[in-house]
> 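Next up is a structure, given as structure tokens.
So you know, we letter chains A, B, ... as the sequences are listed, proteins then strands, and number each from 1. It should be emphasised that the depicted structure is a prediction, and the values quoted were computed from it without experimental measurement.
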Amino acid sequence: MKEKIIVALSGGVDSSVAAALALEAGFEVVGVTLRLKHPDPAFSSAQLCASKSDEEAIDLLVRKLGIEHHYLEGFDRFREQVLLPAANEYVSGRTPNPCCNCNLLVKFGMLVDFAEQIGAAQVVTGHYARIAEQNNVFSLLRGDDPNKDQSYFLYRLTQRELSRLRFPVGQLRKEEVRRIAAGLGLSTAQKADSQDACFQVEGECFGETLRRLCNLESKKGRFLYQGKTVGRHNGIHLYTIGQRKGLGVALGVPGYVSAIDPESGDITLDTEEEKLLSCSFEVRNVSWQSGFPPEGDELEVQIRYRSRSVLCRIGRNGDRVTVTPAVPLRAVTPGQAAVFYRGATLLGGGLICC
RNA sequence: AACCCCAUGGUGUAACGGUAGCACAACUGGUUUUGGUCCAGUUAGUCUAGGUUCGAAUCCUGGUGGGGUUG
């Protein structure tokens, strides 16, 4: 009797290969695809998770592999748990990272629930990350392809999820994944990498889409530079710390957002990179996957996706963690995830608060 | 009202009378599971009407617009 596992299929090459590898390894594979699409056409010009062309690719793949497959409707949960909170963050002048919440609260939550429902022991996805186990404690590691590593987005996963997860492409490089897909004759082999947010309307920034969706007001105000008003903007949700593009203000040298005041709506610009550097910051809602790291441990912190992690020291400060990076970090942004690593091992993370 | 100064892409500026260039902004593309950063490329200008000159952003005259001084 083969062991039953579920594989999350997005329609992309990574999950296709993950499914194929699971089949090869001798599992009974049940494909699952989450539908997170908004029913309203005003939001459906978007390239959404599991959009129509993705579903065609998925149907083709499922037939090719000869596996059972289910769609799970997740939009309501996605809206409640991810979109609404993210929209609130944006209009409060912070920059949320909805993917981190989505992974714990929607994607892996639903997948693990479904796995339990149908009696599947494990959940396979096409993420670029790895899982290690020691004495029945699971830890998350960076994917082996440094350009594709997605562990940052998974920092909120707990032992409940990790103990059931397998990431077969986490030890591969993207080129190898494509080669495997091509070798197996999978139609997704040449498919472009998925690019936009799950919830991106063409020609509109993510914060604005969320604001419209949730019907929220955003504070408008001035651009300030060296104490002077140099322009006006249409809402603080459109801007993030360190942002250069889209300001519409010509200062003669590049200008960057250095502060957002949600009370007045004022956005402060700076032209000197040094003004954007932080020597220390606080993190809240911190979760550790196997406890607070021992004193004196050499840690690294990563403050946004695709930025390098840097050595740091951390200290407890009530229920917050104070982080002191070895080198000052540029554009530390409230609302973004600060994720801690020791080498390739992800230790935990939280939300930057100041 | 008189006198003086100024007028170059969306913004700020450069060009001895000899191919109007730079920075920022904007747009497009690359990178990207958030927002950004970063990289590459593109668009776009001599206020106006005359004159001098082989040739005018540049010199001359009038107009228009902006700033300043005087009363």
> Under 4.0 Å, heavy atoms only, any strand: does A/Val249 hit a base, just the sugar-phosphate, or nothing?
sugar-phosphate
> Using the side-chain hydrogen bond (donor to acceptor under 3.5 Å, both in side chains) criterion, which residues pair with A/Arg330? Sequence neighbours excluded.
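A/Glu273.
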> Across the strands shown, which category fits A/Pro96 at heavy-atom distances under 4.0 angstrom: base, sugar-phosphate, nothing?
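A/Pro96: base contact, heavy atoms under 4.0 Å.
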> Mind calculating the distance between CD1 (A/Ile241) and P (B/U34) to the nearest angstrom?
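Nearest whole value for this atom pair: 19 Å.
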> Looking at A/Tyr239 versus A/Phe223, is the centre-to-centre ring distance below 6.0 Å?
yes
> Name the residue closer to the 5' end of RNA chain B, choosing between A/Arg306 and A/Tyr256 according to the nucleotide with the nearest heavy atom.
A/Arg306
> Assign A/Gln150 to base, sugar-phosphate, or nothing according to its heavy-atom contacts below 4.0 angstrom with the strands shown.
base
> Taking the six-membered ring for Trp, are A/His69 and A/Tyr71 closer than 6.0 Å centroid to centroid?
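Yes.
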> Not counting sequence neighbours, which residues clear salt bridge (charged side-chain N to carboxylate O under 4.0 Å, His left out) with A/Glu161? List them please.
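For A/Glu161 there are no salt bridge (charged side-chain N to carboxylate O under 4.0 Å, His left out) partners, ignoring immediate neighbours.
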> Determine the stems involving RNA chain B; a stem requires 3 or more consecutive pairs of the Watson-Crick or G-U wobble kind, each with both distances below 3.5 Å, and the answer is none if no such run exists.
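Consecutive-pair runs (3 or more) involving RNA chain B: B:1-7 with B:64-70, B:10-13 with B:21-24, B:26-30 with B:38-42, B:47-51 with B:59-63.
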> Would you say the rings of A/Tyr305 and A/Phe153 are close, in the sense that their centroids are separated by under 6.0 Å?
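Between A/Phe153 and A/Tyr305, the centre distance is under 6.0 Å.
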> Taking the six-membered ring for Trp, are A/Phe108 and A/His127 ring centroids under 6.0 Å apart?
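Centroid separation for A/Phe108 and A/His127: below 6.0 Å.
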> So what does A/Ser307 touch, heavy atoms closer than 4.0 Å: a base, only the sugar-phosphate, or nothing?
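It contacts nothing in the nucleic acid.
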> How many whole angstroms separate atom CD1 of A/Ile260 from atom C1' of B/G35?
10 Å
